[in-house]
Amino acid sequence: MKNLLDKLIRSDIKALTSYKTQDASGYIKLDAMENPYSLPEDLKNDWASIFKEADINRYPDPSAKNLKKQLSKAMKIPEECGLILGNGSDEIIQIISTSLSRSGQCVMSVDPSFIMYQMTATYAGMNYYGVPLDKEDFSINMTLMLKMIRNHKPSVIFLANPNNPTGNLFPEKQILEIIESTDGLVVIDEAYGPFHNKSFMPNLKNHNNLLIMGTVSKMGLAGLRLGFLVGSEQLLEEFEKVKLPYNINILTQIGAEFALSHKEVFDKQASIICLEREKLIENLKKLSNIKVYNSDANFVLIRAPKGQANFWFDELKKSGILIKNLNGTNSLLNDCLRITVGTEKENKLLISSLIKISKI
Ligand SMILES: *Cc1c(COP(=O)(O)O)cnc(C)c1O
């Protein structure tokens with residue numbers, strides 16, 4: 001078997017590890033930036049009844065017309081823009097890398113950032129450069145960024161805004177400077193759009209190399225797998241050719257269309273999450289010896305006392321709370337833990353557990 005693998009599988013693929021998540025059964029789940037609230041009970045009944053009518057013996061609409069219409073309205077997508085849908089924004093990132101892949105070309109982002117930019121660049125056989133963020137406050141080192149752009153001429157720059165896992169928004173002025181300094185595409189990944197009001201959507205009309213990516217995952221529909229990309233119609237027509245024809249299944253199409261027609265329910269949940277985030281940050285800051293980073297997303301990054309992150313993570317797990325341990329994943333994230341904002345009750349439990357742990 002080893003011979004077979006050596007002969008057939010690309011060495012750069014063999015060097016990867018597949019994407020794994022932690023087993024979360026039985027835990028308070030604060031590890032994956034999910035919305036802790038579900039649909040209200042009365043909507044759940046209507047939700048169930050639309051699925052009863054689904055023609056699951058038929059292929060779904062490959063253009064997902066009805067869903068696109070509802071999504072455009074809910075996400076305030078400018079009328080003149082093109083729109084494509086993906087099986088999560090993960091798939092869209094892959095479509096972009098696949099379309100741009102040519103030997104010697106590269107994908108760029110900041111580091112640390114969302115892992116899929118690098119993963120899909122590798123799948124597509126492209127080089128990847130992550131420009132290190134400032135180690136104190138995770139801001140962009142603009143001198144270095146502009147130099148890397150000049151030297152490597154990236155085909156695409158992905159910027160998660162706010163960034164995952166750091167939680168900070170980058171200043172508009174810096175992003176505009178990056179957009180104007182590159183001949184490649186710039187994709188602003190607004191996965192955390194529900195938790196701030198700094199969307200780059202209004203800038204689309206001024207820059208033909210700018211694309212805005214979004215998802216319904218973080219607003220409360222992670223299980224449906226639906227992401228979207230907005231930008232120049234001509235550019236998106238090219239990406240459309242790479243997209244598998246039926247990538248958005250019928251249950252996702254009708255389910256998301258229904259959910260987005262009740263967008264106000266999700267907006268309300270997002271505003272509760274934002275309030276809870278501020279309370280959580282305030283309470284975390286009361287713990288001594290830890291650094292708490294501000295956040296415009298639905299998670300908070302903290303730095304535990306030196307050498308303590310693994311212990312804190314394990315102790316939290318023993319008390320039934322699952323978060324994300326980033327210690328050891330990146331030299332800028334030593335001792336770092338990422339906590340998703342939960343319900344009021346979950347956040348209180350988290351804080352009381354952390355108080356106990358910090359006293360051990
Ligand atoms: C969570 C996340 C995504 C993933 O979105 P899906 O639509 O669930 O695939 C994309 N970008 C960033 C920055 C994220 O944190």
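Start at 1 and go down the list; that is how both ligands and their atoms are numbered.
Annotation for N163 and P112: closest pair ND2-O, 2.9 Å, computed over non-hydrogen atoms.
Relative to the ring axis of F266, K268 does not place its NZ or CZ within 45° and under 6.0 Å from the centre.
Its side chain within the 4.5 Å cluster rule, Y59 clusters with Y246 among the Ile, Leu, Val, Met, Phe, Trp and Tyr residues.
The ring pair (Phe, Tyr, Trp, His ring centres under 6.0 Å) test applied to Y117 returns F114, F158, not counting sequence neighbours. With sequence neighbours excluded, no residue satisfies side-chain hydrogen bond (donor to acceptor under 3.5 Å, both in side chains) with S72.
The contact shell of ligand 1, taken as protein residues with any non-hydrogen atom closer than 4.0 angstrom, comprises G88, S89, D90, F114, Y117, A160, N164, D189, A191, Y192, T215, S217, K218, R225.
Proximity of the aromatic rings of H262 and F258 is defined here by a centroid distance below 6.0 angstrom, and this criterion is met.
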